[in-house]
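Nothing fancy with the numbering, it's 1 onward along the sequence. The figures that follow rest on heavy atoms only: side chains count, while hydrogens, waters and symmetry mates do not. Order of listing sets the numbers, starting from 1, for every ligand and every atom in it. Keep in mind that this is a model prediction, so the values were computed, not measured.
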Amino acid sequence: MDGNGRWARRRFMPRVAGHRKGVEAVRAVVSRCAERGVGYLTLFAFSSENWRRPAEEVNFLMQLFVRALEEEVARLHENNIRLRVVGDLSRFEPRLIDLIRNGEALTAGNSGLNLTIAANYGGRWDIMQAFERMLQAHPEQRSGFAEADLAQHLAMSYAPEPDLFIRTGGEQRISNFLLWQLAYTELYFTDSLWPEFNGAAIDTAIESFQQRERRFGRTSEQVQAAAAAELGAVGRHA
Ligand code: FPP
């Protein structure tokens, strides 16, 4: 969710006004994804590196997270949305941790959109903590691990690998987001600043995704033959 600061500066407002406006964009995007039947939406709200920002901005963001949770969790629950927060929460104030745990518990039984907020998250942190947990689970083993042995300890092991990665704000980089899981994800970069992003912008990103051919290492001919065979199978069962 990049571009909040620039959005505000262009309007001669303090950077934090962009973050406040960013919450409105979060609301619009969550509601459009829920409407469209998207299974999983993961928002990168605060990276492990964001602590390097001025203390005043970090404090503002923390208060914004507190307020957003206080105000939005009931609405998420009414809409059958399941909330989870991933990242190293140990640096957060107790009030924020309580709100996160309560929101997760309240919505744990919901079967609609799976909304994950990545907070104090970093892809490298995630791989390292998964690695440590994998070793703890197999104290005798020193080699011969499979990818799945590590993947089951990643913070988002409950979710499939993402189909689509969206970065707003014009930069074309991953910035330590879900490094392991993005191996075959389609990347979508837009110049729109996060506060301008909305439901229609999600539709445009999904349309772009639908134009892509996902080969997962195979040739285009193989992918097309597999798709035709699947269509044939659907036809025979219809
Ligand atoms: C990056 O824009 C944005 C952030 C570091 C914060 C994102 C937080 C929100 C959108 C608040 C709401 C989130 C939740 C889940 C309640 P930037 O500040 O780096 O913008 P810039 O690149 O223009 O400076």
Side-chain angles (χ1 to χ4, degrees), residues 1-34 38 40-77 79 81-89 91-93 95-104 106-107 113-123 125 155-156 159 165-178 189-199 201-202:
M1 300 190 284
D2 203 7
N4 293 347
R6 277 167 286 162
W7 181 90
R9 283 293 178 218
R10 281 180 198 171
R11 286 161 181 77
F12 306 102
M13 290 152 86
R15 290 176 51 80
V16 294
H19 297 316
R20 201 179 290 125
K21 188 76 183 168
V23 179
E24 288 176 33
V26 168
R27 218 176 276 130
V29 165
V30 169
S31 107
R32 185 73 189 122
C33 287
V38 168
Y40 293 82
L41 172 68
T42 306
L43 299 171
F44 202 2
F46 194 85
S47 76
S48 329
E49 292 73 32
N50 284 150
W51 295 108
R52 297 176 192 155
R53 294 187 173 210
E56 200 184 309
E57 183 171 338
V58 170
N59 289 339
F60 183 91
L61 278 168
M62 294 302 144
Q63 291 324 307
L64 198 64
F65 294 151
V66 166
R67 194 136 28 96
L69 285 163
E70 286 171 345
E71 288 172 6
E72 308 293 342
V73 165
R75 190 141 24 130
L76 294 177
H77 189 43
N79 286 285
I81 295 172
R82 179 166 187 180
L83 173 72
R84 291 180 183 91
V85 178
V86 292
D88 178 5
L89 301 190
R91 267 184 87 174
F92 290 149
E93 60 173 74
R95 165 108 188 103
L96 182 52
I97 298 175
D98 280 354
L99 282 165
I100 290 171
R101 295 297 174 228
N102 293 341
E104 288 179 332
L106 178 72
T107 62
L113 173 68
N114 285 281
L115 171 64
T116 302
I117 308 294
N120 196 19
Y121 177 88
W125 164 84
M156 286 192 66
F165 164 99
I166 300 173
R167 182 175 185 145
T168 58
E171 314 291 354
Q172 302 201 356
R173 52 176 174 260
I174 310 274
S175 296
N176 203 14
F177 196 32
L178 300 161
F189 298 101
T190 168
D191 288 335
S192 298
L193 304 175
W194 177 254
E196 300 159 350
F197 209 72
N198 55 22
I202 279 288

Q | Proximity of I117 to ligand 1 by residue part, where a heavy atom lies under 4.0 Å | A | side chain
Q) Is the backbone of D88 close enough, under 3.5 Å, to the side chain of N120 for a donor and an acceptor to pair up by distance? A) yes
Q) Side-chain contact, heavy-atom cut-off 4.5 Å: I117 with L115? A) yes
**Q.** Heavy atom of the protein closest to atom 13 (C) of ligand 1 (residue, atom name, distance)
**A.** F65 CE2, 3.8 Å
Q) Hey, does W7 come in under 3.5 Å of ligand 1, counting only N/O atoms on both sides? A) no
Q. When you check the gap from the basic side-chain N to the acidic O, do E70 and R67 get nearer than 4.0 Å?
A. no
Q: Considering only NZ, NE, NH1 and NH2 on the basic side and carboxylate oxygens on the acidic side, decide whether K21 and E24 come within less than 4.0 Å.
A: yes
Q.
Applying salt bridge (Lys or Arg N to Asp or Glu O under 4.0 Å), can you list everything that pairs with R173, at least two apart in sequence or on another chain?
A. E171
Q. Counting only heavy atoms not in E56, do more than 12 fall under 6.0 Å of its CD?
A. no
Q: Report yes if some N/O of A45 lies less than 3.5 Å from some N/O of ligand 1; otherwise report no.
A: no
Q) What is the nearest protein non-hydrogen atom to atom 10 (C) of ligand 1, stated with its residue, atom name and distance? A) N4 ND2, 3.4 Å
Q) Quick one: does C33's side chain get under 4.5 Å of I202's, heavy atoms only? A) yes
(Q) Going by the rule side chain to side chain donor-acceptor pair (under 3.5 Å), which residues pair with S192 if we only count those two or more places apart in sequence or in a different chain? (A) T190
**Q.** Nearest neighbour in protein (non-hydrogen) for atom 1 (C) of ligand 1
**A.** M1 O, 3.1 Å
Q: Among all protein heavy atoms, pick out the one at the shortest distance from atom 19 (O) of ligand 1; state its residue, atom name and that distance to 0.1 Å.
A: R53 NH2, 2.7 Å
Q. Does ligand 1 have an atom under 4.0 Å from some heavy atom of E171?
A. no
**Q.** ligand 1 to R15 polar contact by distance, N or O atoms, under 3.5 Å
**A.** yes
**Q.** Protein contact to atom 16 (C) of ligand 1 [nearest heavy atom, distance to 0.1 Å]
**A.** A68 CB, 3.6 Å
Q.
Students should be able to answer this: which protein heavy-atom is nearest to atom 4 (C) of ligand 1, and at what distance?
A. H19 CE1, 3.8 Å
(Q) Tell me whether R20 reaches ligand 1 (any heavy atom closer than 4.0 angstrom to a ligand atom). (A) no
Q. With a 4.5 Å heavy-atom cut-off, do F60 and R20 have their side chains touching?
A. yes
Q) For ligand 1, is there an N or O atom under 3.5 Å from any N or O atom of V23? A) no
Q. Tell me, which protein residue and heavy-atom name are nearest atom 5 (C) of ligand 1, and how many Å apart are they?
A. N50 OD1, 3.7 Å
